[in-house]
S.K.: 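Pasting in a structure now, in C-alpha cells, and then I'll have a few things to ask.
Just so it is clear, the model here is predicted, and its values are computed rather than measured. Naming convention: chains lettered A, B, ... in sequence-line order (proteins, then strands); numbering from 1 in each chain.
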2 protein chains.
Amino acid sequence: MRPTSCDYAANVTLGILEGKWKLLLLCHLRNGTKRFCDFTALIPGLTQKVLTYQLRELETHGLVRRQIYPVIPPKVEYSLTPYGESLIPLMDLMNLWGEKHKERLLESEHIG
Amino acid sequence: MRPTSCDYAANVTLGILEGKWKLLLLCHLRNGTKRFCDFTALIPGLTQKVLTYQLRELETHGLVRRQIYPVIPPKVEYSLTPYGESLIPLMDLMNLWGEKHKERLLESEHIG
DNA sequence: CGGTATCCGCAACGATACTG
DNA sequence: CAGTATCGTTGCGGATACCG
C-alpha cells in the first residue's frame with residue numbers, strides 16, 4: 001500500500017543512499033573488499049575526511065563492514081555486508097535509469 | 001558494465017530524486033493529477049516556496065507536466081509524464097527496501 | 001596507513017510577508 | 001489560487017594541517 005502521509009518509506013532509502021560518494025563506494029565494494037587507501041586511489045577528488053564520514057555512515061546503517069587489523073602500519077578493510085548486498089538490485093536499477101537518462105539528454109541536445 | 005570512474009550513472013538518478021519532498025510529490029502524482037494547493041494540503045510542513053522549487057525541478061527533468069489554465073483565480077495542474085512514470089518501478093523498489101529497513105530497525109531495537 | 005581536528009563556503013531548506 | 005521576494009539557518013562537502 002502506498003502512503004498518503006509524510007513518512008514515505010522510499011525516502012528512508014533515499015536518506016541512506018544520499019551522499020555525494022556513497023553509491024560509488026558501494027559500487028566499488030561490489031568488486032570486493034577494499035582498503036581505505038584503495039578508495040582514495042580509485043576516486044580522485046575524494047578527501048580523507050569525507051571518505052571517513054561516508055564510510056562511517058554506511059557502516060552505521062549496516063551496509064558496510066569495517067574490519068580492523070591490529071598491525072603497524074594500520075590495516076583496515078571495508079566490505080559489503082549481506083544487508084548491503086540487498087541494495088544491489090536497487091543500485092542496478094538506478095544505474096540503468098541513469099544511463100537511459102543520459103542518452104535522453106544527448107538526444108534532446110542533438111535535436112535542439 | 002559497471003563503472004570504475006566517477007560518473008556512476010546511478011548518481012545521476014540520485015541527483016534527480018534528491019530533494020526532501022520529491023519522492024513524496026511523485027508518489028502523490030501516481031494517484032492522479034494534482035493542483036498546487038492539493039500538495040500543501042496533503043503534505044504538512046511543506047511551504048509554498050519549497051514546493052514551487054521542487055516541482056520546477058521535476059518539471060525541468062521532464063518527470064512532471066505543468067498545465068496552466070488561464071482563468072481567475074489561477075488554476076495549475078501537475079501530472080506525471082510518461083517519462084516520470086518510467087521511475088515507478090524504481091520508486092516501488094525504494095519503497096520496498098525502505099519498509100524492510102524500518103522493520104529491521106524495529107527488530108534491532110527490540111533486541112537491544 | 002588510516003585516520004582527527006579546524007575552519008570555511010555554499011546550496012538546500014525554512015519562515016514570513018507580499019502579489020497578480 | 002498559485003505563486004514571488006527576502007532573510008536567516010543549517011549541514012554537507014571541501015581545504016588544510018596534524019597524529020598514533
S.K.: Do A:L29 and A:F39 have side chains that approach each other closer than 4.5 Å (heavy atoms only, starting at C-beta)?
M.R.: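 A:L29 vs A:F39: side chains touch.
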S.K.: Taking salt bridge (charged side-chain N to carboxylate O under 4.0 Å, His left out) as the cut-off, I'd like each qualifying pair that reaches into residues 64-78 of chain B, sequence neighbours left out, listed once.
M.R.: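 Only B:K75-B:E77 qualify under salt bridge (charged side-chain N to carboxylate O under 4.0 Å, His left out).
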S.K.: Do any pairs count as a ring-ring contact (aromatic ring centres under 6.0 Å, His included) and have a residue in residues 62-109 of chain A, sequence neighbours left out, and if so which ones?
M.R.: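 Residue pairs passing ring-ring contact (aromatic ring centres under 6.0 Å, His included), neighbours aside: A:Y83-B:W97, A:Y83-B:H101, A:W97-A:H101, A:W97-B:Y83, A:H101-B:Y83.
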S.K.: For the atom pair CG (A:L80) and OG1 (A:T33), what is the distance rounded to the nearest 0.5 Å?
M.R.: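 Rounded to the nearest 0.5 Å, the CG-OG1 separation comes to 8.5 Å.
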S.K.: Atom OH of A:Y8 and atom CG of B:L25: how far apart are they, to the nearest 0.5 Å?
M.R.: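 Reported value, rounded in 0.5 Å steps: 11.0 Å.
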S.K.: Report for the helix from C:dC1-D:dG20 to C:dG20-D:dC1: angle between first-end and last-end helix axes, five pairs each, rounded to 10 degrees.
M.R.: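 Helix axis angle between the two ends: 50°.
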S.K.: Just wondering, more than 12 heavy atoms not from A:L106 lying within 6.0 Å of its CG?
M.R.: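 Yes, enclosed.
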S.K.: When rounded to the nearest 0.5 angstrom, what is the spacing between CD in A:E85 and CG in A:L26?
M.R.: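 Rounded to the nearest 0.5 Å, the CD-CG separation comes to 11.0 Å.
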S.K.: Starting at CG of A:L55, measure out to OG1 of A:T60 and round the result to the nearest 0.5 Å.
M.R.: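 Reported value, rounded in 0.5 Å steps: 10.5 Å.
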S.K.: Hey, could you give me each pair passing side chain to side chain donor-acceptor pair (under 3.5 Å) that has a residue in residues 34-54 of chain B? Not counting sequence neighbours.
M.R.: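 Found B:Y53-B:E57.
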S.K.: So, do B:L14 and A:L23 sit near enough that their side-chain heavy atoms are less than 4.5 Å apart?
M.R.: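 In short, these two side chains touch, coming nearer than 4.5 Å.
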S.K.: Give B:F39 one of three labels, base, sugar-phosphate or nothing, depending on what nucleic acid heavy atoms sit under 4.0 Å from its own.
M.R.: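 Nothing, no nucleic acid heavy atom in range.
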S.K.: Using a 4.0 Å heavy-atom cut-off across all strands, classify B:G45 as base, sugar-phosphate, or nothing.
M.R.: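 B:G45: no heavy atom of the nucleic acid under 4.0 Å.
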S.K.: Under 4.0 Å from any heavy atom of chain B: name the first and the last nucleotide of DNA chain C that qualifies, 5' to 3'.
M.R.: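 Range of nucleotides touched by chain B: C:dA12 to C:dG20.
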S.K.: Could you tell me the separation between the CG atom of A:N11 and the NZ atom of B:K22, rounded to the nearest 0.5 Å?
M.R.: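 Answer for the CG-NZ pair, A:N11 versus B:K22, is 12.0 Å.
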S.K.: Anything under 4.0 Å to a heavy atom of chain B counts; send over the first and last such nucleotide of DNA chain D, read 5' to 3'.
M.R.: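 Range of nucleotides within reach of chain B: D:dC1 to D:dC7.
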S.K.: Using the test side-chain contact (heavy atoms from CB on, under 4.5 Å), find all partners of B:K102 that sit at least two apart in sequence or belong to another chain.
M.R.: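 Once residues adjacent in sequence are excluded, the partners of B:K102 under the side-chain contact (heavy atoms from CB on, under 4.5 Å) criterion are A:D7, A:A9, A:V12, B:E99.
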S.K.: Side-chain contact, heavy-atom cut-off 4.5 Å: B:L90 with A:L90?
M.R.: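 They are in contact (side-chain heavy atoms under 4.5 Å apart), so the answer is yes.
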S.K.: Where along residues 48-76 of chain B does a heavy atom come under 4.0 Å from DNA chain D, residue by residue in number order?
M.R.: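 Within this stretch, B:Q48, B:K49, B:T52, B:R56, B:R66, B:P73, B:P74, B:K75, B:V76 sit under 4.0 Å of the strand.
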